[in-house]
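A quick write-up on the structure given underneath.
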2 protein chains.
Amino acid sequence: MTNVETASHHTARGMATRARIVAAAADLMFAAGVAATSLDQVLAASGTSKSQLYHYFAGKDDLVLAVIRRQTERVLAAQEPHLRQLDSIAGLLRWREGVIDLQRLHDCVGGCPIGSLAAELSASPVPRALLAESFQRWGSYLIAGFTAMAGRGELAPGTDPADLAVAVLSAVQGGALLTKTTRSTRPLELALDMAIEHVRRQMR
Amino acid sequence: MTNVETASHHTARGMATRARIVAAAADLMFAAGVAATSLDQVLAASGTSKSQLYHYFAGKDDLVLAVIRRQTERVLAAQEPHLRQLDSIAGLLRWREGVIDLQRLHDCVGGCPIGSLAAELSASPVPRALLAESFQRWGSYLIAGFTAMAGRGELAPGTDPADLAVAVLSAVQGGALLTKTTRSTRPLELALDMAIEHVRRQMR
DNA sequence: GCAAGAGTGGACCGTCAAGTCCAGTTCGCC
DNA sequence: GGCGAACTGGACTTGACGGTCCACTCTTGC
């Protein structure tokens with residue numbers, strides 16, 4: 001009954017309300033963290049009431065799962081223009097700019113929405129599994145690009161696109177964490193430079 | 001009056017009590033996060049009472065600062081055998097093993113103690129500043145190693161040891177985050193491999 | 001047009017968190 | 001040994017939080 005993305009029993013108005021709740025929760029949790037965000041804050045920010053929240057979600061934990069899904073979609077959507085062209089150094093460099101611009105947009109506050117959720121929630125099994133899946137989805141775009149490069153014979157034989165993707169993602173996450181701690185885009189820039197150099201090094 | 005590491009007004013017994021509180025808090029917060037750890041849990045785990053905690057700390061925020069300091073010391077101490085020999089690829093590889101073993105020791109739960117605190121606390125100015133300092137201290141060991149390499153002419157001219165250190169630290173943090181999310185040491189291994197390759201690339 | 005059920009508002013409750021307070025004990029020092 | 005300060009125990013206050021409940025209003029399908 002809860003946690004339904006598609007309109008099974010829900011009307012258009014209901015879905016809109018649900019979406020408003022998730023959007024408000026995602027913003028607040030991005031800014032302050034999951035634990036530091038109360039349901040009352042979410043209700044105030046979304047202009048809804050307790051009964052509505054519990055009409056659409058089983059509880060806070062369930063809402064958090066919806067937030068994870070939403071943030072995953074948003075992160076991927078924000079990179080969408082670049083994600084499908086990660087099959088060349090030029091494409092990776094364009095993606096690099098996009099990722100860094102995104103951090104600048106938020107003044108280096110909050111870091112990576114997915115990464116922040118992962119840091120806070122990966123002690124709990126269910127959110128952790130969902131977040132692992134989010135990373136995997138993100139990584140799949142990198143893997144697709146690297147696989148295309150390998151298919152064109154641009155990658156040294158024996159290079160595993162999946163391993164390469166994990167390394168690059170690690171660089172993004174670590175760079176984003178240091179960026180939000182130091183309030184400077186520099187760490188993210190350096191980490192991404194390293195990662196792209198790493199890819200280039202596998203080329204031949 | 002609070003937050004005194006050295007024995008200004010405190011007796012040996014008092015300092016021991018204080019240390020027990022910080023130790024218990026650090027362990028609990030490492031396992032579950034800062035927000036998810038209550039003072040009552042800390043008291044129970046340390047065998048102390050409310051009045052003692054508030055005798056040594058101004059409040060939870062103040063206790064958290066002490067926890068940051070303690071975890072920083074612990075992380076650096078755990079790497080101590082390797083930290084002073086980061087001036088060669090061989091030294092970096094030994095350090096790599098140490099870092100990975102540490103994650104294995106905790107079954108990939110919790111990630112990097114400093115990184116986890118940074119992810120949760122870098123929205124608040126005071127903890128954030130302290131954590132930035134912790135990263136800088138950590139990085140200073142890397143910088144020392146790279147500077148020694150540069151002094152021996154092993155690094156390509158124009159290579160900035162500080163930039164190199166930030167990139168390597170980013171890899172560790174990102175690798176640790178993915179490691180705790182996927183419950184596998186693989187991401188950390190791949191990230192560290194990439195980072196060390198990155199250093200090697202700046203050589204000669 | 002009229003049920004049935006989706007959607008809504010907000011009062012209410014139990015719990016547990018941080019933080020306060022005070023009375024009592026131990027310690028360090030003269 | 002005795003005085004003051006450090007130290008300790010735990011009852012207590014206050015408030016916020018997640019969660020429940022019920023009365024009420026819209027929407028929709030027939």
N or O in side chain of [X] less than 4.0 angstrom from [N] OP1/OP2:
X	N	result
B/Y56	D/dT8	yes
B/H55	D/dA6	no
B/Q52	D/dC7	no

Could you state the atom-to-atom distance from [atom1] of [X] to [atom2] of [N] in whole Å?
X	N	atom1	atom2	result
B/K60	C/dC16	NZ	C1'	12 Å
A/I21	C/dG7	CD1	P	11 Å
B/L53	C/dC21	CG	P	16 Å
B/Y54	D/dG10	OH	C1'	14 Å
A/L43	C/dC12	CG	C1'	15 Å
B/L63	C/dG19	CG	P	10 Å
A/D40	D/dG19	CG	P	12 Å
A/Q41	D/dG18	CD	C1'	13 Å

### Query
Could you run down nucleotides 22-30 of chain C 5' to 3' and tag each one B, S or - for protein heavy-atom contact under 4.0 Å?
----SS---
### Message
Need one value for A/S49: base, sugar-phosphate or nothing, where a base atom within 4.0 Å counts as base even if backbone is also close, heavy atoms only.
### Response
base
### Query
Nearest nucleotide by nearest heavy atom, which residue falls closer to the 5' end of DNA chain D, B/T17 or A/S38?
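Final value for this comparison: B/T17.
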Please determine, by modelled atom types, if [X] and [Y] share a side-chain donor-acceptor pair under 3.5 angstrom.
X	Y	result
A/Q79	A/W138	yes
A/E189	A/T185	yes
B/S184	B/T182	no

### Query
To the nearest 0.5 Å, how far apart are CG in B/L53 and CZ in B/R18?
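Rounded to the nearest 0.5 Å, the CG-CZ separation comes to 10.0 Å.
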### Message
Strictly below 4.0 Å, N to O, side chains only: are B/R94 and B/E97 in salt-bridge contact?
### Response
no
### Message
Just checking A/Y141 against A/H82, ring centres under 6.0 Å apart?
### Response
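Ring-ring flag for A/Y141/A/H82: false, centres at least 6.0 Å apart.
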### Query
If you take atom types as modelled and just measure distance, does the side chain of B/K50 reach the base of C/dG19 with a donor-acceptor pair under 3.5 Å?
yes
### Message
With a 4.5 Å cut-off on side-chain heavy atoms, are A/M203 and A/I89 touching?
### Response
yes
